[in-house]
Amino acid sequence: MSTYAVKNPNTGETEEIFETLARQEIPNVIGKAWDAYESWRQTPLEERAKVLEAFGDLLEENADELAHISGREMGKPLKDGRAEIATVVAHARWFARHSAQHLAPTELDVSDGVKTYVRHDPIGVLLGIMPWNFPYSQIARFALPQLMVGNAILMKQAGICPVSSAKFAELLQRAGLPEGVYQNIYLDTEDTEEVLQDFRVKGFSLTGSEAAGASVAAIAGKHLKRSLLELGGNDPMVVLDSSDVAKVAREAVRVRTFNAGQVCTSNKRIIVMDDIYDEFVAAAKEAIAQVRVGAFDEDIDMGPLSSIEARDEVLARVERAVDDGATLHFGGKKLDRPGAYMSPALLTDVPEDQDIAVNELFGPVVVIYRAKDEDDALRLANSTEYGLQSSVWSEDLEKAEAFAARVVAGMTIVNLHRESGPEWPFGGVNRSGYGREEERWGLLAFTNEHAIRVHDPR
């Protein structure tokens with residue numbers, strides 16, 4: 001039985017509990033979505049765009065309230081919460097203004113001269129299964145393009161974010177979205193198959209753990225449903241050279257401790273060339289000591305982790321890494337205050353086959369590896385079963401691009417890390433999932449590529 005509750009990680013207290021959707025109500029919820037879809041799919045694109053534009057305006061008007069909600073649910077600092085809302089606003093406006101060009105029929109130049117084109121049609125009701133670490137933007141990245149396509153959405157948000165998910169749905173309705181087109185549901189995890197087995201539900205998008213992705217993908221395969229998975233990452237940040245090593249080290253620490261390290265695309269393995277390694281580690285030690293940890297409504301750099309259980313798991317894995325030979329330079333300790341707080345950690349000398357090197361670590365742990373040369377750096381970068389985002393840092397852009405092309409990942413950024421936006425595709429390979437969100441890839445992920453040929457009988 002799933003639990004939907006606000007368990008404030010700033011205090012460790014449970015503040016609100018919500019009832020889950022009764023299994024017998026699932027067909028009614030799907031029926032409502034399907035009926036709404038039948039109408040919504042016929043709604044002109046320009047009318048759908050007006051809803052998203054109005055939604056963006058409402059987000060801006062309610063940004064402070066929304067940021068306070070996510071701070072209370074999962075500990076996100078207020079400034080970061082406001083920045084997340086700005087990201088959702090950008091998505092709403094981009095898809096409102098650019099979807100038409102990507103959803104227009106694609107004309108084909110065929111050898112027999114017959115008029116041939118492909119329509120990008122909606123397919124029906126979709127299930128979204130989204131995580132807590134970005135409670136608004138993760139939903140937006142999937143749902144907003146699908147609403148522009150004309151699909152209907154059933155949204156299952158993470159159990160610790162019941163208020164933010166309900167608020168997202170409320171603002172869409174206030175923006176003019178017809179009732180039933182988007183429904184926030186507190187679905188028990190064990191009832192996922194009850195949803196996906198229904199013929200009217202055509203697919204799902206899941207962002208979350210590998211275990212969750214594999215489980216739901218197996219259900220989807222059983223019932224022949226389309227799927228998109230954005231799973232974990234063990235992303236490399238490869239530093240080839242810099243005339244200001246300390247600056248890059250400070251940026252590495254800032255990115256890794258952002259959102260308390262709870263980011264799929266965080267720079268979880270920082271690989272530094274041998275000739276600048278010692279300077280980089282020294283600068284990273286100085287930078288991590290300056291990270292201000294506190295509650296979401298204070299002037300801080302890093303809040304608590306999402307839960308006490310999540311915090312304790314990170315601490316245990318840091319301790320195990322040290323037992324296995326890693327060097328702990330700073331932090332990695334529970335803070336003496338209520339809530340899910342810890343000091344950010346800095347590790348070096350982590351064995352390449354150790355748990356933290358091999359598996360994703362969702363927490364504020366900076367891990368730095370020494371590379372003998374560029375070939376060794378590439379070997380380390382690709383020594384993972386994941387493949388989400390990566391970055392390459394160098395002042396020689398030609399060298400950086402050549403290196404980036406050899407990294408196995410869905411996305412590689414030169415001289416920046418942890419970047420995404422509606423204007424370019426987002427997604428990974430291998431254990432990081434499959435499919436792409438954002439831009440035309442996000443729009444076309446759940447469409448019927450309906451080919452039409454028109455033979456003139458004359």
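Values below: every heavy atom of this structure, side chains too, minus hydrogens, waters and symmetry copies. Positions are given from 1, in the same order as the sequence printed here.
Within the 3.5 Å criterion, the main-chain N or O of Q262 finds a donor-acceptor partner in the side chain of N133. Side chain of Q138 to backbone of G208: no donor-acceptor contact under 3.5 angstrom is found. S394 places no side-chain N or O within 3.5 Å of a backbone atom of L240 that could act as its donor or acceptor partner. H68 places no side-chain N or O within donor-acceptor distance of the main-chain N or O of G81, the cut-off being under 3.5 Å. Looking at S205, its side chain never comes within 3.5 Å of a backbone N or O of G128 through a donor-acceptor pair. A donor-acceptor distance shorter than 3.5 angstrom exists from the side chain of K268 to the backbone of V263, with no hydrogens or angles considered. Not a single donor-acceptor pair under 3.5 Å links the side chain of E65 to the backbone N or O of N62. N259 places no side-chain N or O within 3.5 Å of a backbone atom of G261 that could act as its donor or acceptor partner. A donor-acceptor pair under 3.5 Å is absent between the side-chain atoms of T257 and the main chain of P364, judged by distance alone. Without hydrogens or angle criteria, T447 side chain to H120 main chain gives no donor-acceptor distance under 3.5 Å.
R97 pairs by the side chain to side chain donor-acceptor pair (under 3.5 Å) definition with E53, not counting sequence neighbours. In terms of the ring pair (Phe, Tyr, Trp, His ring centres under 6.0 Å) criterion, residue partners of Y4 (sequence neighbours excluded) are, by chain and number, Y186. With sequence neighbours excluded, the residues that form a ring pair (Phe, Tyr, Trp, His ring centres under 6.0 Å) with F168 are F55, Y182. Applying the side chain to side chain donor-acceptor pair (under 3.5 Å) criterion to K50, with sequence neighbours excluded, gives E47. Legend: residues meeting side chain to side chain donor-acceptor pair (under 3.5 Å) with D355, ordered by chain and number and at least two apart, are R317, R320, N359.
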Point to revise | CA sep, side-chain torsions, deciding dist, call: E309, D312, side chain to side chain contact (heavy atoms under 4.5 Å, CB included) | key: CA-CA 5 Å; E309 294 80 9; D312 290 348; 5.9 Å; no
Check your understanding: Is there a side chain to side chain contact (heavy atoms under 4.5 Å, CB included) between M155 and Q183 once you walk through the steps?
Key -> CA-CA 6 Å; M155 180 56 64; Q183 296 177 71; over 6 Å; no
Exercise for review: Please test Q157 against S164 for side-chain hydrogen bond (donor to acceptor under 3.5 Å, both in side chains), starting from the C-alpha separation and ending with a verdict.
Suggested key: CA-CA 9 Å; Q157 176 58 293; S164 56; 5.0 Å; no
Review point. Would S266 and R256 satisfy side-chain hydrogen bond (donor to acceptor under 3.5 Å, both in side chains), going step by step from the backbone distance to the final call?
Key: CA-CA 6 Å; S266 184; R256 185 65 182 114; 2.9 Å; yes
Exercise for review: Applying side chain to side chain contact (heavy atoms under 4.5 Å, CB included), run through V322 and L347 and close with a yes or a no.
Suggested key: CA-CA 8 Å; V322 172; L347 289 171; 4.2 Å; yes
**Study point:** Derivation of the salt bridge (charged side-chain N to carboxylate O under 4.0 Å, His left out) call for R93 and E60
**Key:** CA-CA 12 Å; R93 291 174 177 163; E60 286 188 327; 3.0 Å; yes
Practice item. Apply side chain to side chain contact (heavy atoms under 4.5 Å, CB included) to V314 and L305, showing your working. Key: CA-CA 9 Å; V314 172; L305 275 76; 3.7 Å; yes
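Between V6 and P162, the shortest heavy-atom contact is CG2-CG, 4.0 Å. N8 approaches G71 most closely through the heavy-atom pair OD1-O, 4.5 Å. Among all heavy-atom pairs drawn from A249 and A283, the shortest one is CB-CB, 3.7 Å. Closest approach of A260 and G303 over heavy atoms only: CB-O, 4.0 Å. Listed here is the closest heavy atom pair of P422 and H91: CD-CE1, 3.6 Å. Heavy atoms only, all atoms of each residue included: L172 and L144 are closest at CD2-CD2, 4.5 Å.
Under 4.0 Å is where a charged nitrogen must lie from a carboxylate oxygen, and between E360 and R269 no such pair does. Salt-bridge formation is detected for the pair R292/D301: a Lys NZ or Arg NE/NH1/NH2 atom is positioned less than 4.0 Å from an Asp or Glu carboxylate oxygen. With respect to E170 and R174, a salt bridge is recorded, a charged nitrogen being found less than 4.0 Å from a carboxylate O. At a threshold of 4.0 Å, the pair K399-D241 counts as salt-bridged, since one of the basic side-chain nitrogens sits closer than that to a carboxylate oxygen. Salt bridge annotation for R418-E251: absent, with no cationic side-chain nitrogen under 4.0 angstrom from a carboxylate oxygen. Under a 4.0 Å N-O distance rule, the pair D274/R370 qualifies as a salt bridge.
In this structure, K334 places its NZ atom where only 12 or fewer heavy-atom neighbours from other residues, nucleotides or ligands lie under 6.0 Å away. Atom CD of E449 is surrounded by more than 12 heavy atoms from other residues, nucleotides or ligands within 6.0 Å. For CZ of R379, the number of neighbouring non-hydrogen atoms (other residues, nucleotides, ligands) closer than 6.0 Å is greater than 12. Other residues, nucleotides and ligands contribute at most 12 non-hydrogen atoms within 6.0 Å of the CZ atom of R406. Residue-environment remark: CD (E419) exceeds the threshold of 12 foreign heavy atoms within 6.0 Å.
Side-chain polar atoms of N184 and S165 form a donor-acceptor pair below 3.5 angstrom. Side-chain polar atoms of S391 and Q389 form no donor-acceptor pair below 3.5 angstrom. A donor atom on one side chain and an acceptor atom on the other are found under 3.5 Å apart for T327 and D349. Side-chain contact annotation: Q354 with D324, donor-acceptor N/O pair under 3.5 Å present. Under the 3.5 Å distance criterion, with hydrogens and angles disregarded, no donor-acceptor pair is assigned to the side chains of T87 and S137.
Using the six-membered ring where Trp is involved, W94 and H98 have ring planes that are parallel, under 30° apart on the 30 and 60° scheme.
For the pair V365 and V367, the minimum side-chain heavy-atom distance is below 4.5 Å. In this structure the side chain of E230 never reaches within 4.5 angstrom of the side chain of L206, judged on heavy atoms. A 4.5 Å side-chain heavy-atom check between V216 and L196 finds at least one atom pair inside the cut-off. By the 4.5 Å heavy-atom criterion applied to side chains, L443 and F95 are counted as neighbours. In this structure the side chain of I123 reaches within 4.5 angstrom of the side chain of N151, judged on heavy atoms. For the pair V239 and M273, the minimum side-chain heavy-atom distance is 4.5 Å or more. The shortest distance between side-chain heavy atoms of K7 and S307 does not fall below 4.5 Å. Using a 4.5 Å cut-off on side-chain heavy atoms (C-beta onward), M237 and V248 make contact.
Within the structure, the ring pair (Phe, Tyr, Trp, His ring centres under 6.0 Å) test picks out the following pairs touching residues 342-398 (sequence neighbours left out): W132-F362.
Judged by the 6.0 Å distance and 45° axis criteria, K76 is positioned over the aromatic ring of F134. A cation-pi geometry, defined here as NZ or CZ lying under 6.0 Å from the six-membered ring centre and within 45° of its normal, does not hold between R226 and F204. A cation-pi geometry, defined here as NZ or CZ lying under 6.0 Å from the six-membered ring centre and within 45° of its normal, does not hold between R436 and F426.
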